[in-house]
Amino acid sequence: MSRIPLIATAAFGLEAVVSRELMELGYTDQTVMDGRVKFVGDELAICRCNLWLRSADRLLVEVGSFEAWDYEMLFNQVQSLPWDEWLPFDAKFPVSGKSVRSQLHNEPSIQSVSKKAIVECLKQTYQRHWFEEDGPEYPIEVAILKDWVTLSIDTSGPGLHKRGYRPEVAAAPLRETTAAALVLLSYWNRERPFADPFCGSGTIPIEAAMIARNRAPGANRAFQCEQWGQITRDHWKQAREETRDKQLPKPRFTLQASDIDGRVISLAKKNAFEAGVADDIEFKKLDVLEFKTTREYGCIITNPPYGERMGDDESAADIYDDMADAFEPLTTWSIYALTSHPGFERHFRRKADRRRKMYAGRIECHYFQYYGPRPPGEQPLDGEQPLDGEQPVSNEPPTVSPADGSVTTSPAVEADSGTGTN
Ligand SMILES: C[S@@+](CC[C@H](N)C(=O)[O-])C[C@H]1O[C@@H](n2cnc3c(N)ncnc32)[C@H](O)[C@@H]1O
């Protein structure tokens with residue numbers, strides 16, 4: 001199959017980051033929707049995207065989509081999809097269902113009707129009445145949004161945030177996919193200093209170091225579709241070889257990561273070692289008030305305490321006051337902070353050049369971005385500009401196009417206009 005419809009799923013607010021990652025991998029034929037980016041690729045694309053996507057949650061094969069508002073419509077259309085292109089006679093195919101704002105809303109019924117319809121389709125193909133389901137697993141999802149049904153098979157298995165380097169975490173860790181998105185949304189690159197003074201289990205500096213090394217985040221893990229017959233060992237061999245060939249040497253500056261808690265620093269060091277970037281990051285036990293650097297034109301990308309998850313609102317506010325004092329001398333640095341605290345800008349004593357709504361787990365946060373000057377002689381390169389600078393994306397609720405059921409986001413409305421240059 002050379003043109004397989006694929007879906008990269010994304011957390012709310014990260015669709016445009018996933019879209020840009022796909023563009024950079026060469027998959028330009030895309031539709032960006034709420035929570036997902038649809039695109040077209042081949043078997044090798046399935047391997048590459050699982051290995052390389054940093055900010056997506058998982059990669060699905062789209063088997064079909066259609067409108068349905070009763071069970072007969074659902075059954076008939078599910079049955080008519082080309083299941084035999086994917087499911088062998090011994091496939092194990094658990095079906096999960098979810099429904100949002102649709103006439104078909106009973107999820108257990110949606111699941112069982114879809115499962116029956118798939119079995120009917122396979123009975124005709126394989127001329128059998130019974131399926132043992134003792135072969136490779138193809139997890140199927142039926143997702144219904146405003147009566148528009150999408151059937152997909154999960155190629156990833158465990159979510160793509162599971163890179164395999166973080167068996168233990170400190171309190172309130174960020175997802176690896178979110179941490180990678182924070183770095184991808186910034187102006188930081190491997191030629192500039194980096195610091196995270198609230199590093200916790202080290203997720204942001206580890207993701208930054210992997211980006212600097214151009215290391216594929218999925219290189220050390222397995223994927224669901226490695227069991228499937230459609231994707232051969234040669235596909236995987238080629239895709240895994242590419243990940244080795246594309247790695248870059250150590251970045252120009254050692255990344256700085258610090259935290260007031262010595263126990264989380266030990267954990268972060270262990271995680272960096274597992275991720276293979278221990279030599280690229282210097283970890284220190286340090287109160288943010290003590291943070292100092294002689295380097296210039298760096299980026300602080302950080303996730304300070306919010307109050308909601310750790311400590312209380314007031315102590316979080318005191319920490320933002322300390323950040324304001326500690327970062328005041330850093331006149332050439334850009335600062336990026338993710339927090340849910342409503343008083344962040346007031347306590348940090350600066351209005352952000354840009355704010356972006358994002359989620360840390362279920363907590364609604366803002367990513368506050370303060371742009372410092374561009375380093376002398378640095379030209380904006382393709383792919384180095386932050387996404388906010390080139391393609392503002394709204395976090396407004398999506399609108400559904402009646403023509404094809406695709407969901408689009410409306411133009412940006414929430415960005416503050418900025419005067420910063422970098
Ligand atoms: C929200 S957590 C960061 C989580 C981290 N991004 C991760 O993925 O594990 C905030 C961190 O700030 C640290 N912290 C709290 N007060 C601090 C201070 N005054 N100076 C430096 N670190 C502090 C906490 O120990 C905690 O690890």
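Just follow the structure's listing: the first ligand is 1, and inside any ligand the first atom is 1.
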Item to check | Side-chain donor-acceptor pair present, Asn303, Thr339, cut-off under 3.5 Å | outcome: no

Checklist outcome for this item: The answer for which part of Pro197 has a heavy atom under 4.0 Å from ligand 1 is backbone

Checklist entry - Within the distance-only criterion (no hydrogens, no angle test), does the side chain of Glu107 pair as donor or acceptor with the backbone N or O of Ser99 below 3.5 angstrom? => result yes

Checklist entry - Does some non-hydrogen atom of Ser315 fall short of 4.0 Å from ligand 1? => result no

Checklist entry - Asp57 and Thr9: side-chain donor and acceptor closer than 3.5 Å? => result no

Checklist entry - Are side-chain N/O atoms of Gln247 and Arg213 paired as donor and acceptor at under 3.5 Å? => result no

Next on the checklist: Using a 4.0 Å cut-off to any heavy atom of Pro173, which atoms of ligand 1 qualify?
Outcome noted: 7 (C), 8 (O), 9 (O)

Checklist outcome for this item: Contact region, Ser258 to ligand 1, non-hydrogen atoms below 4.0 Å, reads neither

Checklist outcome for this item: Heavy-atom proximity to atom 13 (C) of ligand 1 ranks first, among Thr178, Leu182, Asp259, Ile265, for Asp259

Checklist entry - Is it the case that Thr203 and Arg166 place a side-chain donor and acceptor less than 3.5 Å from each other? => result yes

Checklist entry - Taking the non-hydrogen atoms of Asp287, is any one of them nearer than 4.0 angstrom to ligand 1? => result yes

Checklist entry - Is it the side chain, the backbone, both or neither of Leu286 that has a heavy atom closer than 4.0 Å to ligand 1? => result backbone

Next on the checklist: Just by distance, no angles: are the side chains of Gln369 and Tyr367 close enough, under 3.5 Å, to form a donor-acceptor pair?
Outcome noted: no

Checklist entry - Numbering the atoms of ligand 1 from 1, which are under 4.0 Å from a heavy atom of Cys199? => result 5 (C), 7 (C), 9 (O)

